[in-house]
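Note on naming: letters A, B, ... go to the chains in the order of the sequence lines (proteins, then strands), and numbering restarts at 1 for each one.
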Amino acid sequence: MEYNFREVEKKWQQYWREKNVYKTEIDYSKPKYYVLDMFPYPSGAGLHVGHPLGYIASDIYARYKRQKGFNVLHPMGYDAFGLPAEQYAIQTGQHPAITTSQNIERYREQMDKIGFSYDWSREFRTCDPDYYKWTQWTFIQLFNHYYCQDAQRARPISELEEVFAMEGTARIRPAATVEISFTADEWNRKTEEEKQTILLNYRLAYLADTWVNWCPKLGTVLANDEVVNGISVRGGYPVERKLMKQWILRVSAYAERLLQGLNTVDWSDSLKEIQKNWIGKSEGAFIQFALSKNNSQFSILNSQFSIDIFTTRPDTIFGATFMVLCPEHELIEKITTPEQKKEVDEYVFKAKNRTEVERAGDVKKISGVFTGAYAINPFTNTEIPVYVAEYVLAGYGTGAIMAVPAHDSRDYAFAKYFNLPVIEVIKGGDIDEEAYEVKEGICINSGFITGMEVKEGAKVVIEKVKEIGIGYGTINYRLRDAIFSRQRYWGEPFPVYFKNDIPYMLPEDELPLLLPEVDKFLPTETGEPPLARAQNWQTKEGNKLECSTMPGFAGSSGYYLRYMDPHNEKEYFSKETNQYWQNVDLYVGGTEHATGHLIYSRFWNKFLYDIGLVCKEEPFQKLINQGMIQGRSNFVYRIQGTNTFVSFGLKDNYDVSPIHVDINIVQNDILNMDAFKQWSPDFADAEFILENGKYICGWEVEKMSKSKYNVQNPDDLIEKYGADTLRMYEMFLGPIELAKPWDTNGIEGVSRFIRKFWRLFHDANNEWNICEAEPSPDEYKILHRTIQKIENDNERFSFNTAVSAFMICVNELSDNKCNKRKILEPLTILLSAYAPHICEELWYLLGNEDSVIFANYPEFNPNYLVENTFNYPVSFNGKTRFFKEFPIDKSISEMESEILQLEESKKWIEGKVVKKVIIVPKKIINVVL
RNA sequence: GCCCGAAUGGCGGAAUUGGUAGACGCGCUACAUUCAGGGUGUAGUAACCGCACGGUUGUGCAAGUUCGAGUCUUGUUUCGGGCACCA
């Protein structure tokens with residue numbers, strides 16, 4: 001009988017579900033392996049073929065690892081809080097929880113059809129109170145800790161309070177929002193409120209006024225990685241800058257460790273590079289420039305102020321001929337002279353109110369205004385003018401710079417525009433033409449560093465400023481703190497209440513703080529977030545609760561930990577489960593999370609590491625980025641003004657316009673003309689100009705989208721070809737990490753392979769036909785070459801070449817008409833990671849249901865001898881099967897009786913009667929430690 | 001502008017350590033089975049010259065190292081990705 005994939009796949013999926021074969025428990029007799037996919041946000045559109053690509057790869061690897069004797073944790077869940085469900089709720093009034101549940105149901109259905117080996121008993125959603133309780137709990141811990149820069153780790157805030165009471169800020173260096181100092185006496189005299197306000201300056205989760213990306217259309221703030229070119233990633237609305245009181249995570253405190261940690265993980269270089277750039281470490285100096293006392297009536301006042309700058313080029317300080325402040329700089333109003341005030345105020349007002357889009361729009365346009373004030377270059381002792389300009393950013397360094405026009409192109413352009421002096425301080429350039437921006441060379445016109453190499457000069461200048469007491473060498477990071485408040489409904493409520501406007505944490509035993517019901521999912525009339533609409537949104541004592549909710553990345557930052565112990569009601573996860581599962585060994589997902597989720601998660605994990613909750617500092621040991629699957633659109637060509645369509649090869653002879661056509665009515669670029677006529681009433685009476693009797697469509701690679709009619713739904717492909725074929729074809733498309741267009745054309749090849757594999761076990765009349773004879777050396781050779789190749793490919797995640805190897809193997813066996821059990825049986829195990837359904841069925845037909853697998857040494861090839869062997873139970877298609885090494889000098893019956901006497905074998909086989917013993921090459925299931 | 005990565009037939013892509021380039025699949029061509037279609041099987045398929053034996057060229061482009069380069073070095077072009085007034 002021909003292979004009936006519909007029946008077989010349904011049968012085994014049901015079997016796996018009913019018998020819970022993929023349920024995973026801690027098992028100290030086996031080494032652990034944790035394979036994780038980036039869990040999906042369940043959108044209304046369901047899965048398209050791009051989504052499962054990574055899931056299939058990780059599933060293959062998980063199954064492969066199980067065969068190798070590892071205890072594999074392979075869970076799945078949903079990132080369920082988020083904007084789309086809320087936007088939908090605003091439009092329709094339907095509660096986001098309902099939309100989310102429906103979408104999840106659809107996702108689950110689609111995933112089940114692909115035959116994944118997830119342990120679904122561990123599933124949870126980030127919107128489950130049982131889960132977000134621990135998101136809230138972690139937030140409280142962040143609030144209760146500060147970052148000690150000397151110890152390079154988080155410490156309890158209570159320790160800081162003790163130090164403050166004993167010796168003030170004199171000797172301690174906590175990471176802070178603003179540098180402040182006070183003595184123990186001053187601290188002890190402060191009121192409780194004042195103390196709490198000061199502590200916010202140090203907490204890892206703190207509340208502060210900050211410039212945020214405000215999206216008026218969405219009515220919420222967004223994190224930097226949620227904004228691209230001044231446009232919101234979700235929805236594509238303009239984003240502006242606004243000063244607001246927000247919860248913020250002090251991610252920047254971990255900048256150095258986030259950077260160093262990259263050296264210890266196995267990620268692609270490009271991904272590490274992205275994170276490195278995002279963290280943006282630069283070494284330089286912090287230097288104070290005193291303001292000149294000579295200018296105007298502010299002279300007395302000015303002597304109190306200095307302009308603090310950060311520079312990576314202290315060696316060029318002799319060329320600093322002016323200074324620039326960002327428009328947000330607090331010094332501006334204090335130093336601007338009356339004559340300049342009007343102009344400055346206007347400039348600052350305009351700059352502050354410009355949206356990010358507008359600002360980004362004219363990066364090249366030079367603008368700025370003189371404040372009337374002068375600073376003093378501490379080394380040349382000359383007065384240099386102070387400007388305000390947009391090209392200096394508030395969020396980086398100190399928001400002020402010393403401008404060295406000779407060696408910085410932006411300063412150069414600014415100096416030329418305002419006619420400011422340009423002093424060359426590094427030899428080699430032509431500063432009449434352009435700025436000479438090199439990082440090496442000889443210093444000139446530079447007082448005591450003249451003649452030195454640039455690097456040496458920088459060192460000497462740093463020593464000198466330190467000596468005078470106006471600065472020091474320092475390291476600056478571009479990584480900014482993460483704004484953690486969202487003015488939305490569908491997110492985790494903060495476990496925070498306010499007393500006299502000071503925030504306090506709820507007691508841990510009152511968690512979870514449940515998301516309240518509201519009448520509408522919109523902000524209130526007074527502009528407060530939706531939670532302000534909730535009845536009695538206050539504590540038992542009547543204190544006001546926080547109305548913002550947490551952002552999408554809150555729930556996804558620590559979800560991988562919860563899978564270890566998902567039903568624990570007392571803890572996030574138990575120490576024991578964390579000790580066993582440690583961290584994620586293999587994480588599979590898209591690069592788009594490089595500067596978002598993957599930074600936040602690492603931060604989250606490092607914090608939990610500091611407080612002793614997790615045993616590994618890095619959460620994801622190896623990471624694979626599956627490439628995006630692009631769409632492959634098909635086109636028909638209509639002759640202008642007619643309803644006649646020209647085939648691709650002839651279109652150049654006519655004046656045609658291309659029209660997207662649904663890829664579901666095109667096969668191998670050949671249009672199904674009848675289906676086309678039915679596709680849209682517009683085309684009902686279409687006529688065609690054909691080539692060789694066929695209508696050939698054109699094609700192009702584009703983003704997969706509904707409007708381009710190029711979305712390929714996995715369900716349709718499974719219906720037509722089966723899950724095993726889909727799984728193998730997605731792998732066959734190309735290297736997992738490469739972006740590639742989806743092209744259904746090749747799927748026939750894999751489908752053919754599956755049928756061919758099936759036919760190996762059957763005769764010409766499709767009757768079961770397996771031969772028990774001893775295989776020939778040539779046949780063994782085919783098998784063992786394949787085992788070797790697949791093992792190799794699996795280990796280096798080269799799934800596309802592995803599929804090729806299977807095809808070659810089956811072609812060769814089929815050429816030799818080889819239907820020998822001893823060849824096909826091991827192949828079935830080998831292929832089961834890729835095509836689990838057909839292999840499970842064949843295994844069953846082979847009569848191997850309750851079987852013991854023996855591994856032997858193939859006699860003909862000593863290369864397959866492996867020195868260290870272990871007797872492990874192996875898991876194959878979810879069922880644990882006993883694996884025992886088979887010495888060459890014993891007969892099968894001898895081994896059979898030996899194994900049946902073993903206590904362990906009875907345990908492993910769970911009381912089942914062992915019917916038979918199967919011999920396979922040991923390499924397939926050997927554990928290599 | 002800066003930082004990564006890639007470039008191989010009509011197409012997707014192989015080539016694991018510098019050692020027969022083009023595996024495997026799609027598509028295409030021919031033949032067999034068949035009323036036909038589908039399916040299956042067999043043979044061919046980088047380009048050029050040649051009936052054929054065979055020969056020449058060939059991994060974006062230009063040089064170099066080497067007995068030998070798709071692979072290493074330098075320069076260059078194009079495409080993709082990241083960052084983007086980051087001082």
Side-chain angles (χ1 to χ4, degrees), chain A residues 2 224-225 228-229 268-282 284-287 309-314 316 320 323-324 326 359-368 389-404 407-411 413-414 437 476-480 591-592 594-595 625 627-628 630 632 667-670 692 696 699 701 728-729 731-735 737-753 755-756 759 764 788-789 792-793 795-796 798 800-811 814-815:
Chain A
E2 265 290 278
N224 283 334
D225 67 285
V228 172
N229 292 329
S268 75
D269 288 342
S270 68
L271 194 71
K272 285 186 184 181
E273 200 63 33
I274 293 171
Q275 290 216 339
K276 261 182 213 164
N277 290 341
W278 191 258
I279 295 165
K281 178 178 185 173
S282 45
F286 171 89
I287 303 174
I309 60 110
F310 170 76
T311 178
T312 54
R313 299 296 301 278
T316 61
M323 304 195 76
V324 188
C326 67
R359 275 206 190 188
D362 35 64
V363 163
K364 299 236 161 62
K365 213 170 119 195
I366 298 156
S367 77
E390 275 186 303
Y391 84 89
V392 174
L393 303 176
Y396 183 76
T398 59
I401 61 158
M402 66 171 198
V404 184
H407 304 287
D408 181 285
S409 60
R410 293 152 303 163
D411 297 347
F414 196 85
E437 294 182 292
N476 198 42
Y477 299 91
R478 209 163 67 197
L479 182 70
R480 301 188 199 169
T591 354
E592 66 271 20
T595 56
N625 289 118
M628 276 235 288
Q630 296 139 303
R632 186 183 190 276
Q667 196 167 19
N668 283 331
D669 294 333
I670 297 165
N692 304 325
I696 315 281
W699 62 273
V701 173
M728 291 191 83
Y729 185 58
M731 292 302 100
F732 183 69
L733 270 179
E737 308 210 56
L738 220 75
K740 51 210 168 267
W742 176 260
D743 181 358
T744 306
N745 292 343
I747 200 167
E748 293 283 351
V750 176
S751 177
R752 235 164 256 162
F753 160 80
R755 281 173 285 165
K756 224 169 182 174
R759 279 204 303 273
Q788 177 88 332
K789 172 82 178 141
N792 227 321
D793 289 343
E795 284 300 339
R796 60 195 183 107
S798 180
N800 56 329
T801 53
V803 174
S804 294
F806 279 122
M807 288 177 171
I808 294 168
C809 174
V810 167
N811 283 344
S814 168
D815 289 348

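The partner of B:U73 is B:A63, judged by Watson-Crick or G-U wobble contacts that both fall below 3.5 Å. Using N1 to N3 plus N6-O4 or O6-N4 for Watson-Crick, or N1-O2 and O6-N3 for G-U wobble, each under 3.5 Å, B:A46 pairs with B:U57. B:G38 is unpaired under the criterion used here, namely a Watson-Crick or G-U wobble arrangement in which both key atom distances are under 3.5 Å. In this structure B:U16 sits in no base pair that meets the Watson-Crick or G-U test at under 3.5 Å. For B:C2, the paired base is B:G82 (Watson-Crick or G-U wobble, both distances below 3.5 Å). If you check B:A52 for Watson-Crick or wobble pairing at under 3.5 angstrom, you find it has no partner at all. The base-pairing partner of B:G25, taking Watson-Crick or G-U wobble contacts with both distances under 3.5 Å, is B:C11.
Of the P atoms belonging to B:G60 and B:U71, the separation is 8 Å, rounded to the nearest Å. Rounded to the nearest Å, the gap between the P atom of B:G41 and that of B:G19 is 35 Å. One C1' atom belongs to B:U34, the other to B:G27, and the distance between them is 24 Å to the nearest Å. B:A7 and B:G50 have their P atoms separated by 35 Å, given to the nearest Å. Taking the C1' atom of each, B:U59 and B:G44 are spaced 23 Å apart, rounded to whole Å. The separation of B:A21 from B:U74, taken at their P atoms, amounts to 26 Å, rounded to a whole angstrom. Going from the C1' atom of B:G18 to that of B:G64 covers 15 Å, rounded to whole Å. Nucleotides B:C11 and B:G22 are separated by 13 Å at their C1' atoms, to the nearest Å.
Checked against B:G82, B:G41, B:A87, the side chain of A:Arg759 finds its nearest nucleotide in B:G41. Relative to the side chain of A:Glu273, the nucleotides B:G41, B:G39, B:C4 differ in distance, and B:C4 lies closest. Ranking B:A87, B:C85, B:C4 by closeness to the A:Glu390 side chain, first place goes to B:C85. For A:Arg478, taking side-chain heavy atoms from C-beta onward, the closest of the listed nucleotides B:C85, B:C83, B:G82 is B:C83.
Looking at residues two or more places apart in sequence or on another chain, you find no salt bridge (charged side-chain N to carboxylate O under 4.0 Å, His left out) involving A:Asp411. Looking at residues two or more places apart in sequence or on another chain, you find no salt bridge (charged side-chain N to carboxylate O under 4.0 Å, His left out) involving A:Lys272. Every ring-ring contact (aromatic ring centres under 6.0 Å, His included) that A:Phe806 has, sequence neighbours left out, goes to A:Tyr834. Applying the salt bridge (charged side-chain N to carboxylate O under 4.0 Å, His left out) rule to A:Lys789 yields the partners A:Asp793; only residues at least two apart in sequence or on another chain are considered. A search for side chain to side chain contact (heavy atoms under 4.5 Å, CB included) contacts involving A:Ser282 returns A:Phe310, A:Thr312, A:Tyr396, A:Asn476, not counting sequence neighbours. The salt bridge (charged side-chain N to carboxylate O under 4.0 Å, His left out) test applied to A:Arg478 returns no partner, not counting sequence neighbours. For A:Gln630, the side chain to side chain contact (heavy atoms under 4.5 Å, CB included) partners at least two apart in sequence or on another chain are A:Val701, A:Ala739, A:Pro741.
When every heavy atom of A:Phe414 is checked against every heavy atom of A:Ala389, the shortest pair comes out as CE1-CB, 3.7 Å. Across all non-hydrogen atoms, the minimal contact from A:Thr316 to A:Val404 is OG1-CG2, 3.4 Å. The heavy-atom pair separating A:Cys326 from A:Ala394 by the smallest distance is SG-CA, 3.7 Å. Nearest heavy atoms, A:Phe732 versus A:Met807: CE1-SD, 4.3 Å.
Taking atom CZ on A:Phe414 and atom C1' on B:A87, their separation rounds to 14 Å, with Å as the unit. The distance between atom CD of A:Glu737 and atom P of B:G5, rounded to the nearest whole Å, is 13 Å. Per the geometry, CD belonging to A:Gln630 stands 10 Å off P belonging to B:G80, to the nearest Å. Atom-to-atom, CE of A:Met731 to P of B:G25 comes out at 19 Å; the value is rounded to the nearest Å. If you take OH of A:Tyr729 and C1' of B:C26, they are 7 Å apart, rounded to a whole angstrom. Between A:Ile401 atom CD1 and B:A87 atom P there is a gap of 11 Å when expressed in whole angstrom units. Taking atom NZ of residue A:Lys756 and atom C1' of nucleotide B:U40, one finds them 10 Å apart after rounding to whole Å. Atom OH in A:Tyr396 sits roughly 13 Å away from atom C1' in B:A84 (whole-Å rounding).
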Expected rows: protein N/O vs nucleotides 27-29 of chain B N/O, under 3.5 Å:
| unit_1 | atom_1 | unit_2 | atom_2 | d |
| --- | --- | --- | --- | --- |
| B:G27 | OP1 | A:Asn668 | ND2 | 3.0 |

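Each of A:Arg755 and A:Arg313 was assigned the nucleotide of RNA chain B with the nearest heavy atom; the assignment lying further toward the 5' end belongs to A:Arg755. For the pair A:Thr595 and A:Asn811, both in contact range of RNA chain B, the more 5′-proximal nearest nucleotide belongs to A:Asn811.
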**OP:** List the protein contact pattern of nucleotides 8-19 of chain B with one symbol per nucleotide (5' to 3'): B for base contact, S for sugar-phosphate-only contact, - for none; contact means a heavy-atom distance under 4.0 Å.
**Re:** ----BSSSB---
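Anti is the classification of B:G68, since its glycosidic angle lies more than 90° from 0.
Rounding to the nearest 0.5 angstrom, the gap separating the CG atom in A:Asp269 from the CD1 atom in A:Ile274 is 11.0 Å.
Looking at heavy-atom distances under 4.0 Å, A:Asp815 makes contact with sugar-phosphate atoms alone, never a base.
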